[in-house]
There are 2 protein chains.
Amino acid sequence: MPQSDAGLDPAQEQGLVEAWDRAAAPAARRLMIAAVEAFAARGYHGTSTRDIADRAGLSPAGVYVHFASKEELFYRITLVGHQQTLRSALEAEAASGPAASAAERLRAVVAAQTAFEARHHTTARVIEYDLPCLSPEHFIEVNALRRQITAVVRGILADGVKSGEFDVPDVDGTALALLSMVTDVARWFPANSRQTPEQLGRLYADLALRMAAPHGTRAADAPGH
Amino acid sequence: MPQSDAGLDPAQEQGLVEAWDRAAAPAARRLMIAAVEAFAARGYHGTSTRDIADRAGLSPAGVYVHFASKEELFYRITLVGHQQTLRSALEAEAASGPAASAAERLRAVVAAQTAFEARHHTTARVIEYDLPCLSPEHFIEVNALRRQITAVVRGILADGVKSGEFDVPDVDGTALALLSMVTDVARWFPANSRQTPEQLGRLYADLALRMAAPHGTRAADAPGH
DNA sequence: GTCTATACGTTGATAGAC
DNA sequence: GTCTATCAACGTATAGAC
């Protein structure tokens with residue numbers, strides 16, 4: 001993956017380290033970071049356990065002290081990554097306040113998720129695009145988290161429609177399209193763009209509001225409640 | 001890939017057969033179809049040449065009569081797929097007529113590309129998401145085709161801005177976001193949706209026009225040229 | 001063009017010393 | 001917890017008969 005063999009930048013690594021804090025052994029953390037880099041660069045099947053062990057400074061056998069299998073290592077990364085993503089979305093929505101309009105909540109969530117995908121693009125690439133490599137049981141578990149993320153966006157769109165702030169004929173289809181747009185950032189960022197994650201978040205939030213706003217009015221001018 | 005182990009449906013197969021018509025030997029066609037199915041289901045690295053040979057009804061060695069390597073088989077699929085995609089975009093734009101407005105052209109291209117990604121979702125999944133598995137030389141070649149597809153969208157957006165039909169502060173960023181939305185259809189279709197490719201095309205074309213239209217006016221009511 | 005047989009590196013994972 | 005050594009299976013690709 002030409003644009004994805006870059007290592008984790010400091011901001012990204014800090015985010016991961018925080019999230020993986022409870023993964024007791026330092027070696028387990030190093031393995032997860034090494035695995036994220038390798039999986040992002042070459043995909044799950046394109047990465048050998050030797051690759052991962054090398055990057056983490058361990059022997060090939062060292063992996064199996066901390067993880068029962070390659071799939072389990074991948075599963076841990078995927079699970080934590082999705083939990084982080086969901087938390088980011090919920091926090092962004094909550095931060096816009098209890099009296100926030102649907103437009104404000106949509107802006108907050110889309111901006112946060114977009115910036116998140118950009119900032120953590122290495123991790124995001126792994127957890128967004130290699131998902132089918134999980135075992136069936138783990139796939140189901142992670143998919144439940146994904147559905148919660150979709151539900152956040154769907155809920156905001158539906159609320160906006162109910163209050164008259166939005167004009168969205170197909171809430172489910174629009175939510176899916178919107179999340180496609182946001183998620184795909186991880187695939188190309190930072191190539192093709194000189195923008196910061198925050199700038200990108202603002203652009204995508206604007207686009208999302210345009211997608212949801214009634215024709216003929218600005219979202220901000222829409223009838224509130 | 002739970003949602004991707006479905007075989008090629010008749011419409012899809014016909015499209016492929018047409019496109020691969022010049023691939024002389026019938027066995028070569030069977031191999032390409034078999035490879036598309038296998039790559040879509042398990043990814044490039046997750047697919048063995050034995051898998052492909054089996055699906056095509058050949059022995060493991062049979063592959064190498066028609067393709068020098070697994071990568072070359074993948075490259076042929078990827079190249080033809082991108083050529084088809086680009087042609088589809090150019091034809092859609094041309095079909096909207098020489099005097100078409102930017103809005104009409106945007107609608108035509110987005111609808112066509114979205115329907116294309118849905119209809120050929122098996123092939124599209126392979127050529128959109130396994131691209132980094134190409135050799136560096138082949139990657140560069142295919143990327144040139146991708147840039148042409150991006151250029152079509154960028155051109156329409158820029159024309160619309162110049163004529164006053166559109167209000168797009170960031171043409172490049174918006175084109176990228178728009179193509180992300182469209183491309184990602186291949187990843188999830190037909191799960192999560194009971195819509196036909198054509199219905200989906202109309203929805204996405206509407207969303208694209210909302211993204212580009214000036215705030216406060218319908219695209220169709222925008223000042224013309 | 002297709003087969004059988006096979007070369008030979010790599011893979012995920014384990015055994016057992018330290 | 002980490003290592004060295006190793007296994008059995010599988011990977012891509014080739015040789016040579018038909």
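What you see is a predicted model; the values in this text were computed from it and never measured. All values below come from the heavy atoms of this structure, side chains included, with hydrogens, waters and symmetry mates left out.
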#### Entry: Closest nucleotide among D:dT2, C:dT2, D:dT6 to the B:L58 side chain
C:dT2
### Task
Using the closest heavy atom to pick a nucleotide of DNA chain C for each, name whichever of B:G57 or A:P60 lands nearer the 5' end.
B:G57
### Task
Write down the distance between CZ (A:R42) and C1' (C:dT10), rounded to a whole number of angstrom.
14 Å
### Query
Counting side-chain heavy atoms from CB outward, which of C:dT14, C:dA13, C:dT4 is closest to B:S59?
C:dT4
### Query
Taking atom P of C:dT2 as reference, at what distance in whole Å does atom CG of B:D54 sit?
15 Å
### Query
Which nucleotide in the list D:dA5, D:dT14, D:dG1 gets nearest to the side chain of B:A61?
D:dT14
### Task
Could you please name the option among D:dA13, C:dT14, D:dA15 that lies closest to any side-chain atom of A:Y64?
C:dT14
### Query
Closer than 4.0 Å, any side-chain N/O of A:H66 to the OP1 or OP2 of D:dT2?
yes
#### Entry: Separation of atom CD1 in B:I52 from atom P in D:dT12, rounded to whole Å
8 Å
### Message
Tell me whether A:E128 is salt-bridged to A:R187, with the criterion being a basic N under 4.0 Å from an acidic carboxylate O.
### Response
no
### Query
Rounded to the Å, how far apart are A:D51 CG and C:dG12 C1'?
13 Å
### Task
Round to the nearest Å and state the distance from A:Y75 atom OH to C:dG12 atom P.
21 Å
### Query
Given C:dC3, C:dA13, D:dT14, which nucleotide is nearest the side-chain atoms of A:K70?
C:dA13
### Message
Can you tell me how the ring of A:Y44 sits relative to the ring of A:F74, calling it parallel under 30°, perpendicular over 60° and tilted otherwise?
### Response
tilted
### Task
Please assess B:Q84 against B:F116 for the test side-chain contact (heavy atoms from CB on, under 4.5 Å), listing each intermediate value before the final yes or no.
CA-CA 9 Å; B:Q84 268 188 290; B:F116 189 95; 3.9 Å; yes
### Message
Just the rounded figure in Å: distance from C1' of D:dT12 to NE2 of B:H45.
### Response
13 Å
### Query
Taking atom types as they are modelled, is there a donor-acceptor pair under 3.5 Å from the base of C:dT11 to the side chain of A:R50?
no
### Query
Do A:S88 and A:Q113 meet the criterion of a side-chain donor-acceptor pair at a distance under 3.5 Å?
yes
### Message
I need the CZ-C1' distance between A:F67 and C:dG12, as an integer number of Å.
### Response
16 Å
### Query
In terms of side-chain heavy atoms, does A:R146 have a donor or acceptor partner in A:H82 at a distance below 3.5 Å?
yes
